[in-house]
Amino acid sequence: MLTLTQSHLRQLETCPRRFQYGYLEQVPVPTDPEMLERQRWGTQFHLVMQQRELGLPIEGFLREDPALDAAVQGLLAAAPELFAAQGDRFRQSEHRRTLVFNGYLLAAVYDLLVLEPNRGQIIDWKTYQHPSKRDQLTKAWQTRLYLYLLVETSDLTPEQVSMTYWFVAPPGAKAQSESPSSIAIAYSEAQHQRSEADLRRLTDQLTALLTPGGDLPQVNPELGYCADCSYVVRCQRWAERFGEVGGLTLPAIADIAEVPL
């Protein structure tokens, strides 16, 4: 059974061919060293927050990275109520939930899940320089899938759950001196029904696309997604990113002969 995460749903909805290359075939893409460093730091931040929840020592990590220490201490100061000990609530870091849906396994890993009587709160750490807009977050598949799964795998109603994003600036960001900020997203029965309908639409579409085999369809280039896609050359859509170069037509990847070493 194929597992679908929020990232897979986003890729599938944006471009089925990108979903094929990125998930089904796991085609590697060039990586930017600065992006890799930001990802490394973000992973380290998540690890420290997880270890703190488990009661494990984190002082060694913080001593080695002053920016990480400042980020963690800033978050603890900005949201003391979130980290205050309360005996009547369940809380777990890196909490995983799954649901069999329309022939697929929907999966999510919550940075932090806090459950109280008649209330559920999903917490997500973002190491971004600038917070996303509330409207973008509400429409994002991460928000939609995470809230949908919590309702479907618990006794909570949509109105009893929410998702809060906390934004912590990474090293070198202009906003690093600013305090962490948050955006809370409420949920409703109407949103829940829309998410279920869209999940069924996407999974039905994926099943229909996978049935005949072969390459999945490419997105319409006029939508503008190709210019920022890592597979633009593989899809032979380099003009969308690089423009026309003197009418030059590049060969397909499969037609390029191997160079002996």
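Remember, predicted model here, so these are calculated numbers, not experimental data.
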Ignoring hydrogens and angles, state whether a donor on the side chain of [X] or [Y] is under 3.5 Å from an acceptor on the partner side chain.
X: D198; Y: W141; answer: no
X: Q11; Y: Y23; answer: no
X: D215; Y: Q20; answer: yes
X: E152; Y: H192; answer: yes

Tell me whether [Y] is reachable from [X] by hopping between hydrophobic residues (I, L, V, M, F, W, Y) whose side-chain heavy atoms are closer than 4.5 Å.
X: F90; Y: Y146; result: yes
X: F19; Y: V219; result: no
X: L54; Y: L68; result: no
X: L105; Y: L145; result: no
X: V27; Y: Y225; result: no

Donor-acceptor check, side chain of [X] to backbone of [Y], threshold 3.5 angstrom: yes or no?
X: S93; Y: D111; result: yes
X: Q121; Y: L113; result: no
X: Y104; Y: T207; result: yes
X: Q191; Y: S188; result: yes
X: H8; Y: T5; result: yes
X: T98; Y: A107; result: no
X: Q73; Y: A70; result: no

Answer whether the closest heavy-atom distance between the side chains of [X] and [Y] falls below 4.5 Å.
X: L106; Y: T3; value: no
X: F45; Y: V168; value: yes
X: P180; Y: F167; value: no
X: C235; Y: Y21; value: yes
X: L12; Y: L4; value: no
X: Y148; Y: F101; value: yes
X: T164; Y: I185; value: no

Grab the two heavy atoms, one from [X] and one from [Y], that are nearest each other, plus how far apart they are.
X: V29; Y: S230; answer: CG1-CB, 3.6 Å
X: L209; Y: P217; answer: CD2-CD, 3.6 Å
X: A78; Y: P80; answer: C-CD, 3.4 Å
X: S132; Y: I183; answer: O-CD1, 3.2 Å
X: L62; Y: V48; answer: CD2-CG1, 4.2 Å
X: V109; Y: E94; answer: CG1-OE1, 3.5 Å

Applying side chain to side chain contact (heavy atoms under 4.5 Å, CB included), run through L47 and Q50 and close with a yes or a no. CA-CA 5 Å; L47 176 61; Q50 180 186 13; 4.2 Å; yes

Show your reasoning for whether side chain to side chain contact (heavy atoms under 4.5 Å, CB included) applies to L82 and L75. CA-CA 10 Å; L82 179 60; L75 182 59; 6.0 Å; no

Measure the spacing between [atom1] of [X] and [atom2] of [Y] and express it to the nearest 0.5 Å.
X: K139; Y: R194; atom1: NZ; atom2: CZ; answer: 10.5 Å
X: R144; Y: L149; atom1: CZ; atom2: CG; answer: 12.5 Å
X: L115; Y: I122; atom1: CG; atom2: CD1; answer: 9.0 Å
X: N118; Y: E159; atom1: CG; atom2: CD; answer: 12.5 Å
X: Y187; Y: L147; atom1: OH; atom2: CG; answer: 5.5 Å
X: L210; Y: Q205; atom1: CG; atom2: CD; answer: 10.0 Å

Test side chain to side chain contact (heavy atoms under 4.5 Å, CB included) on T138 and T143 and set out the steps. CA-CA 6 Å; T138 302; T143 305; 5.6 Å; no

Mind running side chain to side chain contact (heavy atoms under 4.5 Å, CB included) on T127 and R38 for me, showing each step along the way? CA-CA 8 Å; T127 52; R38 289 194 298 270; over 6 Å; no

Mark yes when over 12 heavy atoms from residues, nucleotides or ligands other than D32 sit less than 6.0 Å from its CG; otherwise mark no. yes

With sequence neighbours excluded, give me every salt bridge (Lys or Arg N to Asp or Glu O under 4.0 Å) pair touching residues 43-55. E53-R91

Please list all pairs meeting salt bridge (Lys or Arg N to Asp or Glu O under 4.0 Å) that have one or both residues in residues 5-31, counting only residues at least two apart or in different chains. E13-R201

Angle class for the Y110/H95 ring planes (parallel below 30°, perpendicular above 60°, tilted otherwise)? parallel

